K.L.:
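Please find one structure pasted underneath; my questions will follow.
Only a predicted model underlies this, so the values are computations on that prediction, with no experimental measurement involved.
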Amino acid sequence: MEFSDKLIEKLSKAKNVAVLKGAGVSAESGVPTFRDPGGIWEKFRPEELANFEAFMRDPDFVWSWYQHRREIMRDVTPNAGHYALAEMENLFENFDLITQNIDNLHFRAGSRNVTELHGNIERNFCIKCRHFAGEIDITEKKVLKCEKCGGLVRPDVVWFGEMLPMEALRHAEEAAANADVFFSIGTSAEVYPAAMLPVIAKRAGAYSVEINLNRTAISYELDETLTGKSGQILSELVNKIKEAGK
Ligand code: OAD
Ligand code: ZN
């Protein structure tokens with residue numbers, strides 16, 4: 001991939017770099033995305049699964065679907081994109097990785113400064129007393145009951161209609177507003193408020209770059225779209241940044 005001189009120059013001067021990433025970054029690890037052909041929302045309707053009412057209507061069904069996703073995530077490994085993002089953390093004074101993914105692959109690749117906007121599938125809490133469950137058996141398809149009060153236990157992920165964790169969102173907005181360069185990677189940028197972040201960054205003066213297989217709903221607002229697989233583009237980009245003397 002040919003990178004523009006402008007991008008490399010911006011990156012070689014940048015102090016604050018932030019990234020919003022989505023399901024596309026984990027696609028090369030074998031985790032299905034949501035909105036691509038064959039993606040999760042083609043097989044299931046979000047309203048049947050990813051909301052509180054659906055959970056109350058049929059807790060075992062929703063729980064077993066998350067258990068199934070946990071099994072997928074247990075069996076996959078980080079890809080070149082995750083490793084490149086972990087490396088980028090060492091190349092800039094401030095590097096914020098803001099993720100919509102709930103899959104932990106970024107931590108497994110070595111990233112440390114990660115802001116999770118949509119929760120984390122490894123955590124579970126009781127809807128009645130908010131007690132967090134310890135380690136769980138991910139093969140058990142029946143919904144877990146709270147060890148303290150017997151209430152239903154749900155995954156600590158953000159469902160449709162729910163608020164994002166306030167502190168994570170506040171931090172992400174601040175990182176976007178302060179970024180010299182902002183990347184939006186492997187996300188369709190259709191789910192708000194996350195999709196607002198690249199635009200916040202752009203309007204606050206960041207050089208804004210998208211990495212995706214295709215153009216997205218927000219491409220026209222940004223400075224560049226690099227089309228291709230994030231794993232490959234990010235590895236090449238890291239090499240280029242290092243060559244430029246970072
Ligand atoms: P989507 O499935 O909406 O979008 C995935 C994006 O990744 C698409 O734009 C693809 O073109 C792109 N893509 C796929 N493979 C890629 C690759 N190898 N390299 C680069 N890009 C690639 O996923 P998200 O934008 O993450 O929310 O979805 C946002 C939210 O919607 C998710 O966090 C989830 C879902 O409902 C919750 O669960 C709260
Ligand atoms: Zn409880």
Side-chain angles (χ1 to χ4, degrees), residues 1-26 28-29 78-101 103-118 165 167-187 189 193-212 216 218-219 221-246:
M1 153 107 14
E2 276 295 313
F3 299 106
S4 71
D5 292 343
K6 182 114 188 236
L7 173 58
I8 301 306
E9 190 202 321
K10 292 276 180 193
L11 283 170
S12 59
K13 290 192 187 138
K15 283 203 172 79
N16 302 323
V17 175
V19 172
L20 171 70
K21 76 172 171 72
V25 172
S26 294
E28 287 157 75
S29 293
N79 66 59
H82 295 107
Y83 288 112
L85 288 168
E87 208 174 340
M88 279 169 84
E89 195 167 327
N90 302 321
L91 299 177
F92 301 97
E93 214 167 288
N94 294 306
F95 183 79
D96 273 281
L97 184 56
I98 303 156
T99 187
Q100 299 169 83
N101 300 353
D103 62 18
N104 276 312
L105 287 170
H106 30 262
F107 289 121
R108 281 162 60 191
S111 284
R112 293 177 308 275
N113 190 17
V114 180
T115 302
E116 293 179 320
L117 290 180
H118 292 166
E167 181 47 32
L169 182 60
R170 193 202 58 74
H171 181 82
E173 284 172 351
E174 192 177 290
N178 290 332
D180 302 312
V181 180
F182 191 94
F183 288 96
S184 176
I185 310 177
T187 174
M196 225 165 55
L197 296 167
V199 178
I200 291 178
K202 169 72 191 165
R203 290 183 186 163
Y207 194 68
S208 54
V209 183
E210 177 171 64
I211 301 178
N212 201 301
T216 70
I218 58 164
S219 303
E221 295 246 31
L222 310 182
D223 292 301
E224 292 192 24
T225 295
L226 306 176
T227 28
K229 290 188 171 181
S230 52
Q232 191 181 339
I233 295 179
L234 283 168
S235 328
E236 289 177 26
L237 186 62
V238 165
N239 288 336
K240 199 80 188 177
I241 302 169
K242 286 189 191 155
E243 273 170 30
K246 265 281 175 186

K.L.:
Taking atom CD of E2 and atom CD of E236, what is their separation to the nearest 0.5 Å?
P.N.:
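The distance works out to 9.5 Å.
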K.L.:
Drop me the distance from F183's CZ to L226's CG, to the nearest 0.5 angstrom.
P.N.:
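Answer for the CZ-CG pair, F183 versus L226, is 7.5 Å.
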K.L.:
Could E167 and R170 be called an ion pair, given the rule that one side-chain N must be under 4.0 Å from one carboxylate O?
P.N.:
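Salt bridge present between E167 and R170.
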K.L.:
For a 4.5 angstrom cut-off between non-hydrogen side-chain atoms, does V25 reach H106?
P.N.:
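When only atoms from C-beta onward are counted, H106 and V25 do not touch, as no gap falls below 4.5 Å.
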K.L.:
Applying side-chain contact (heavy atoms from CB on, under 4.5 Å) to N178 and D96, what does each step give before you reach the verdict?
P.N.:
CA-CA 10 Å; N178 290 332; D96 273 281; over 6 Å; no
K.L.:
Is it true that a side-chain atom of E28 and a backbone atom of A80 form a donor plus acceptor pair closer than 3.5 Å?
P.N.:
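Side chain of E28 to backbone of A80: no pair is present.
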K.L.:
Working to the nearest 0.5 angstrom, can you tell me the gap between I241 CD1 and E87 CD?
P.N.:
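Rounded to the nearest 0.5 Å, the CD1-CD separation comes out at 9.0 Å.
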K.L.:
Report the distance from atom OG1 of T227 to atom CD1 of I233, rounding to the nearest 0.5 Å.
P.N.:
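Output value for this atom pair is 6.5 Å.
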K.L.:
Less than 4.5 Å apart, any side-chain heavy atom of N90 and any of R112?
P.N.:
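They are in contact (side-chain heavy atoms under 4.5 Å apart), so the answer is yes.
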K.L.:
Could you tell me which non-hydrogen atom of S230 sits nearest to which non-hydrogen atom of I185, and how far apart they are?
P.N.:
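Closest approach of S230 to I185: CB-CG2, 3.6 Å.
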K.L.:
Take M88 and L234, measure what side-chain contact (heavy atoms from CB on, under 4.5 Å) needs, and give me the verdict at the end.
P.N.:
CA-CA 9 Å; M88 279 169 84; L234 283 168; 4.2 Å; yes
K.L.:
S111 and A86: which non-hydrogen atoms are nearest, and at how many Å?
P.N.:
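Nearest heavy atoms, S111 then A86: OG-CA, 3.4 Å.
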K.L.:
Sorted by first residue and then second, give each side chain to side chain donor-acceptor pair (under 3.5 Å) pair with at least one member in residues 197-210; sequence neighbours left out.
P.N.:
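Every pair satisfying side chain to side chain donor-acceptor pair (under 3.5 Å) with a residue in residues 197-210: K202-D223, R203-E221, Y207-E224, S208-D223, E210-T216, E210-S219, E210-T225.
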K.L.:
When rounded to the nearest 0.5 angstrom, what is the spacing between CG in L197 and OG in S184?
P.N.:
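The CG atom of L197 sits 9.0 Å away from the OG atom of S184.
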K.L.:
Does N79 offer a backbone N or O that forms a donor-acceptor pair with the side chain of H82 under 3.5 Å?
P.N.:
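Yes, H82 side chain to N79 backbone: donor-acceptor pair under 3.5 Å.
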K.L.:
Just verifying a value: how many Å separate L91 CG and K242 NZ, rounded to the nearest 0.5 Å?
P.N.:
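Atom-to-atom, L91:CG and K242:NZ are 6.5 Å apart.
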K.L.:
Would you sort out whether L85 and V238 count as a side-chain contact (heavy atoms from CB on, under 4.5 Å), showing the intermediate values?
P.N.:
CA-CA 8 Å; L85 288 168; V238 165; over 6 Å; no
K.L.:
Shortest non-hydrogen contact from N16 to N94?
P.N.:
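The pair with the smallest heavy-atom distance is OD1-ND2, 2.7 Å.
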K.L.:
Please check if the side chain of S26 supplies one atom and the backbone of S29 the other of a donor-acceptor pair under 3.5 Å.
P.N.:
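Such a contact is absent between S26 side chain and S29 backbone.
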K.L.:
Which heavy atom in F182 sits nearest to a heavy atom in V19, and how many Å separate them?
P.N.:
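Closest approach of F182 to V19, heavy atoms only: CZ-C, 4.4 Å.
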K.L.:
Could you check if a side-chain atom of Q232 sits within less than 4.5 angstrom of a side-chain atom of M1, using non-hydrogen atoms only?
P.N.:
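Not in contact.
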K.L.:
Go through the steps for D180 and K10 under the test side-chain contact (heavy atoms from CB on, under 4.5 Å), then give the verdict.
P.N.:
CA-CA 8 Å; D180 302 312; K10 292 276 180 193; over 6 Å; no
K.L.:
Identify the heavy atoms of L117 and P165 that sit nearest to each other, and give their distance.
P.N.:
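Taking every non-hydrogen atom into account, O-CD, 3.1 Å.
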K.L.:
Check E173 against M196 and note the closest heavy-atom contact, atom names and distance.
P.N.:
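Closest heavy-atom pair between E173 and M196: OE2-CE, 3.7 Å.
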K.L.:
When you compare the side chain of E89 with that of N113, does any pair of heavy atoms fall below 4.5 Å?
P.N.:
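Answer yes - side chains close enough.
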